[in-house]
Amino acid sequence: MRNEPMPSTPEAYRAFLDGFLDEGYTFHGFEPLSERAVVVRHDIDLSPTAALAMAEIEADLGIETTYCFMLTTPAYSLRNNVDLLDEILALGHDIAVHFDTHHYWDDDPGTGVVESAVRIECETLGRLTNATVDTVSFHMPPEWVLGRQYGGFENTYQPRFFGDIDYISDSRQKWRDQSPFDGPIPEQVQILVHPGLWTPENRDMDAIVREIRDERLEEIDRYAAAY
């Protein structure tokens, strides 16, 4: 597979995945891994619609990945996107929580407090989708969640998925300017992808975020106008 910068387009993402399949890698959830294994996780910070489009690409390739949704973001409403989440599940993917510690605390409140709050969000998402939700990705993770194993759910930043194996992320669309990997492709790797940053037009992140912000402001204006 080619190891070079790529545009943030669905076509480029498909080619990226194809490269792993051509090299004999298998795709896993957050479970025991094979020798040549890829774990793909999606943090849905901006757009559930973009998540579904990416899920369809993966399903077409026979790949199953994990989609992590936020319950506390102002960017979208999960309740308004239940049908979309059901479609992602029907494609064979897993649903998980994208948990924002910054919404609740400034510092580490202690293991038990974190576990309790996370389990509530997992249960809420599970009720919305009629699915078992037991995997959690922390949003903009503080140092105190890294390399840590909690009870009651799988932390995507626990050692066996973060530290014991390689980890790469497309944060801030950095793969447009640099290769995803610095050298040879590792035998085992967790890959974080943000679907909202991948568009057919290869738009830059600032433009994408501005559009979502403007759409949400319009919704607020319509709501406020009723009063």
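Just so you know, residue 1 is the first one in the sequence shown, and it goes up from there. None of the values given here were measured: they were computed from a predicted structure. All values below were derived from every heavy atom in this structure, side-chain atoms included, with hydrogens, water molecules and symmetry-related copies excluded.
- Other residues, nucleotides and ligands contribute at most 12 non-hydrogen atoms within 6.0 Å of the CG atom of D106.
- For the side chain to side chain contact (heavy atoms under 4.5 Å, CB included) with C122, the lone residue among V118, I120, L125 that qualifies is V118.
- Within the 4.5 Å cutoff, no side-chain heavy atoms of W198 are placed close to those of Q173.
- Note on R176 versus D170: no salt bridge recorded, every NZ/NE/NH1/NH2 to OD/OE distance being 4.0 Å or above.
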Report task. Please test H42 against T66 for side-chain hydrogen bond (donor to acceptor under 3.5 Å, both in side chains), starting from the C-alpha separation and ending with a verdict. Result -> CA-CA 6 Å; H42 301 281; T66 301; over 6 Å; no

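- In summary, the aromatic rings of F138 and Y157 are positioned with their centroids too far apart to meet the 6.0 Å limit.
- What you find for H194 and S171 is that their closest heavy atoms are CE1-OG, 3.6 Å.
- For R41 and Q190, the side-chain atoms include at least one donor-acceptor pair closer than 3.5 Å.
- By the 6.0 Å contact criterion, CD on E201 is enclosed, its count of non-hydrogen atoms from other residues, nucleotides or ligands being greater than 12.
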**Report entry** Intermediate values then yes/no, salt bridge (Lys or Arg N to Asp or Glu O under 4.0 Å), E154 and R160
**Finding:** CA-CA 10 Å; E154 297 286 358; R160 67 191 180 107; 3.3 Å; yes

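- Of the residues L52, V82, N81, the one that meets the side chain to side chain contact (heavy atoms under 4.5 Å, CB included) test with E87 is L52.
- Between the side chains of E58 and Y67, a donor-acceptor pair is found at a separation under 3.5 Å.
- Although no hydrogens or angles enter the test, the distance criterion places no donor-acceptor pair under 3.5 Å between the side chain of Y13 and the main chain of P7.
- When side chains are defined from C-beta on, L17 counts as touching F27, because their heavy atoms get closer than 4.5 Å.
- Y25 and P186 make their closest contact through OH-O, 2.7 Å (heavy atoms, listed as atom of the first residue, atom of the second, distance).
- In this structure, the separation between CZ on R172 and CG on D204 is 10.5 Å, given to the nearest 0.5 Å.
- If you check the side chains of T9 and N202, you find no donor sitting under 3.5 Å from an acceptor.
- Considering all non-hydrogen atoms of both residues, P180 and F16 come closest at CG-CE1, 4.0 Å.
- Side chain to side chain, H139 and T101 fail the donor-acceptor criterion of an N or O pair below 3.5 Å.
- Evaluated for a side chain to side chain contact (heavy atoms under 4.5 Å, CB included) with H93, the options V40, T65, I63 yield exactly one hit, T65.
- No single ILVMFWY cluster, assembled from side-chain heavy atoms under 4.5 Å apart, contains both F30 and I88.
- A salt bridge between E11 and R14 is absent, with no side-chain N of the basic residue lying under 4.0 Å from a carboxylate O of the acidic one.
- Hydrophobic clustering of Ile, Leu, Val, Met, Phe, Trp and Tyr side chains at less than 4.5 Å, counting indirect connections, unites F162 with F99.
- Counting non-hydrogen atoms of other residues, nucleotides and ligands closer than 6.0 Å to CZ of R216 gives a total above 12.
- Contact record, S169 with W175: O-NE1, 3.1 Å, taken as the closest heavy-atom pair.
- Using a 4.0 Å cut-off between charged nitrogen and carboxylate oxygen, R148 and D108 count as a salt-bridge pair.
- Using a 4.5 Å cut-off on side-chain heavy atoms (C-beta onward), L197 and L46 make contact.
- More than 12 non-hydrogen atoms from other residues, nucleotides or ligands lie less than 6.0 angstrom from CG of D221.
- Just one of V133, L78, L128 meets the side chain to side chain contact (heavy atoms under 4.5 Å, CB included) condition when paired with F69; it is L78.
- The neighbour count for D107 CG, taken as heavy atoms of other residues, nucleotides or ligands under 6.0 Å away, does not exceed 12.
- In this structure, F161 has its ring center at least 6.0 angstrom away from the ring center of Y167.
- By the neighbour-count criterion of 12 heavy atoms within 6.0 Å, atom CD of E35 is sparsely surrounded, having that number or fewer from other residues, nucleotides or ligands.
- Residues V97 and V39 fall into different hydrophobic clusters, defined by Ile, Leu, Val, Met, Phe, Trp and Tyr side chains chained together at heavy-atom separations under 4.5 Å.
- Between the side chains of Y150 and Q158, no donor-acceptor pair of N or O atoms lies under 3.5 Å.
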